[in-house]
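Chain A is the first sequence line, chain B the second, and so forth, proteins listed ahead of strands; every chain is numbered from 1.
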There are 2 protein chains.
Amino acid sequence: MPTIHDVAKLAGVSRSTVSRVLNDRPGVHPKTRERVLAAVRELNYAPNFAARALKRQRADAVGLIIPSSFREPRSEEPRGYVLTEIIRGAYNFFTEQRLALTLLDDQGTFQFYQALFERRQVDGLLFIDLEPDPHMVERLKELDVPFVVIGNVDVEDVVCVDVDNYESSRRVVYYLYQLGHRRIAFINGPQRRFASQDRRAGVLAAVAELGLDLPTTYDQPGDFSERSGQKAMQRLLEADPRPTAIYAMNDRMAIGAIRAARDAGLRVPDDISIVGFDDIPVAPYIRPPLTTVRQPLYELGAAAARLLVQRIAGQELSAQRVLLPALLVERESVRAWPTEG
Amino acid sequence: MPTIHDVAKLAGVSRSTVSRVLNDRPGVHPKTRERVLAAVRELNYAPNFAARALKRQRADAVGLIIPSSFREPRSEEPRGYVLTEIIRGAYNFFTEQRLALTLLDDQGTFQFYQALFERRQVDGLLFIDLEPDPHMVERLKELDVPFVVIGNVDVEDVVCVDVDNYESSRRVVYYLYQLGHRRIAFINGPQRRFASQDRRAGVLAAVAELGLDLPTTYDQPGDFSERSGQKAMQRLLEADPRPTAIYAMNDRMAIGAIRAARDAGLRVPDDISIVGFDDIPVAPYIRPPLTTVRQPLYELGAAAARLLVQRIAGQELSAQRVLLPALLVERESVRAWPTEG
DNA sequence: GCTAGAATTGAAAACGTTCCCGAAAACATG
DNA sequence: CATGTTTTCGGGAACGTTTTCAATTCTAGC
């Protein structure tokens, strides 16, 4: 295993010079540089990672914190595609910046992340798609470790990137309205989740702006599960007058809703329109193919990575909160509704 | 940022002693150990990763090599669930062993992996779900870098773990046979892929063992795509007599086959049974829910991880090739067929 | 109380880089 | 050719651990 010393000896120069060439610093004669490079090639030399990290006091690596549900074999909700899409976006950017990616699952404890950072195993942390404990985040902030969260967290002055749940949700209502729907009902997500809160807020804003009526019977709770969507739909179908369009705040619930509609003898979208949120992989495959909102997962990862790199470089960030627009993808679970009066 | 020196000073001992305590080596007085531990706690000390790696000459990290298609945003075939399931299995084991996981995509070049290893950035490599270049693998072997491949590679003496495609495929044929099917047809995968070859070999073995007839019309090529499955099915439906069961060697082709059957006015499974392979996430959601073979992805990852750890520890492995059994999951695309004669 | 042997401990030399400084060499100017 | 300036280079001290080896302290047996 050749060291920088071997290269120096072969090239007939000192270690310092080799180091200079390798980190292309100025002030080395072109001729010398050539000799060094030749020696490097001949010995097939690659600088020792640990030695460099030790001296430079940085790891050239970032930690990817993923939900701890990742650890449980075959969890019911395998959201692998969300994770991989986000990671892909982040991966490309980090790799470009010559930063290694270390996979870590969410231990949740401050000590864990602190140790990670203090032992210089990573230069920064990227919390992917989880809602970290605010208390922990607070302490991390005090410790001055660079981190970015993809998703949301209820702490001031932490940089996080998220899909614009509010705006996207608002657009869904406008979309249905434009198609002629006036009796629009909602299946909400769990209200402790930020995503749900924001989506709901968008709905309420649109409803108010459009002067729509929102009876409580049109406003059903759900918990993101298929089953809860089904239940909510059953209640919705008893409302009088019956809604013409349903916006379920995630796809799983939308799928449940479709099932309930079918069980009740209704056809989707002929008798009732349904739109979801997320665009999970099965969305195009269910009957009917689901009209839904696609999250910009790849872009989320890329944006977060860029932000983290900036923070590691010590830049002050202008925007603390970055919201990315989502895309409504029209499939076949929605149809226009003749406007009544 | 406290160093081992600070701990030593606070505890009133030397660096060596602190080191001994931290790596719990024998020969340190219980009383002293207590003092050191107290100091560690008080200073919130965590050993510097790079320094330790430099001295110990190992990184305590492994590289996870994933398919380079991972880099392309929104690739057509997002097999995120395969990756995440395998990685999960590997993650848990590696974490238990206090090994960090570094994400790397498949550069394909020998130099890349060589550098990775020689610069001591990783102690070993895990090739996930790709068929690495045999030539490259050969050189990696010569270099003596510990690695394991999940999947297959055509090189002697490399340890790889894979799903038992041969046996699983054989079982599918037996399964259909037991249900009474005698006219069983096949849609093959691309023959350059090991998985296809093995699955096909299993089919042929079962066919021979059961004394079944396999006319060439029952033996259709495919390329793993949904479209090719559809085409193959169209040809299959023209055969006389028409097969009563189809085994498509992956789920995408099975989905295509179902579509073709439906287009031809046939009902699945009433008129014709179809079974796939892989159990991709949509499999339960298509109409009818697909009977298929589930790959033991999590277990694949875990097994590979264990093997790699053993290789890193320098153990000679008895088995070079580990095959894990797959599980037939029965859903609704297959029904029993009254035996003729 | 002395000594052999075992149990603890500390000093110092690595591990392979980077980088600050000063020295040497090259060049320009008079 | 002497001198000043700019390039280019090398020596050596870190960075924070681990580990070898020798020194010290303790224990026990006499």
When you check the phosphate oxygens OP1 and OP2 of C/dT17, does a side-chain N or O of A/Gln57 lie under 4.0 Å from one of them?
-> no
Go through D/dC9, C/dG10, D/dT17 for me and flag the one nearest to the B/Val13 side chain.
-> C/dG10
Side-chain atoms of B/Ser14 come closest, of C/dT8, D/dT18, C/dG10, to C/dG10
A/Thr32 side chain to A/Val28 backbone, donor-acceptor under 3.5 Å | no
Any Lys/Arg nitrogen of B/Arg71 or A/Glu96 sitting under 4.0 Å from an Asp/Glu carboxylate oxygen of the other?
-> no
What's the NE2-P distance between A/His29 and D/dC9, to the nearest Å?
-> 7 Å
What nucleic acid atoms does A/Ser16 come within less than 4.0 Å of, heavy atoms only: base, sugar-phosphate, or nothing?
-> base
So, is A/Thr17 near the phosphate of D/dT8, with a side-chain N or O under 4.0 Å from OP1 or OP2?
-> no
What integer distance in Å separates B/Arg52:CZ from D/dT18:P?
-> 5 Å
So which nucleotide from D/dC9, D/dT18, D/dG12 ends up closest to the side chain of A/Arg15?
-> D/dG12
Which whole-number value in Å describes the distance from B/Lys31 NZ to D/dT25 C1'?
-> 17 Å
Side-chain N,O (A/Ser19) to OP1/OP2 (C/dT18) below 4.0 Å | yes
Within the structure shown, what part of the strands sits under 4.0 Å from B/Phe49 by heavy-atom distance: base, sugar-phosphate, or nothing?
-> nothing
Among D/dT18, D/dG10, D/dG16, which nucleotide sits nearest the side chain of B/Arg56?
-> D/dT18
Closest listed nucleotide, where the reference is the side chain of B/Asn48 and the choices are D/dT17, D/dC9, C/dT17 | D/dT17
From D/dT17, C/dT17, C/dT9, pick the nucleotide closest to the side chain of B/Pro47?
-> D/dT17
Qualifying ring-ring contact (aromatic ring centres under 6.0 Å, His included) pairs with a residue from residues 16-64 of chain A, counting only residues at least two apart or across chains = none
Rounded to whole Å, CD1 of B/Ile4 lies from C1' of D/dT18 at a distance of 8 Å
B/Thr3 backbone acceptor or donor facing B/Asp6 side chain under 3.5 Å | yes
Atom CD of A/Glu118 and atom P of D/dT17 are separated, to the nearest Å, by 12 Å
Between D/dT17 atom C1' and A/Arg120 atom CZ, what is the distance in whole Å?
-> 15 Å
To the nearest Å, give me how far apart CG (A/Asp60) and P (C/dT17) are.
-> 15 Å
For B/Arg25, report the nucleic acid contact type (base, sugar-phosphate, nothing); a contact means any heavy atom under 4.0 Å.
-> sugar-phosphate
When you match B/Arg20 and B/Ala50 each to their closest nucleotide on DNA chain D, which lands nearer the 5' end?
-> B/Ala50
Could you give me the CA-CA distance, side-chain angles and deciding distance for B/Tyr113 and B/Phe127, then say whether ring-ring contact (aromatic ring centres under 6.0 Å, His included) is met?
-> CA-CA 11 Å; B/Tyr113 302 117; B/Phe127 288 87; 5.2 Å; yes
Does A/Arg119 get its side chain close enough to the base of D/dG16, under 3.5 Å, for a donor-acceptor pair?
-> no
Looking across every strand, which nucleic acid part, if any, lies under 4.0 Å from B/Thr3 by heavy atom: base, sugar-phosphate, or nothing?
-> sugar-phosphate
Verify whether one side chain among B/Arg56 and B/Asn23 offers a donor that lies under 3.5 Å from an acceptor in the other.
-> yes
When rounded to whole Å, the CZ to P distance for the pair A/Arg58 and C/dT17 reads 16 Å
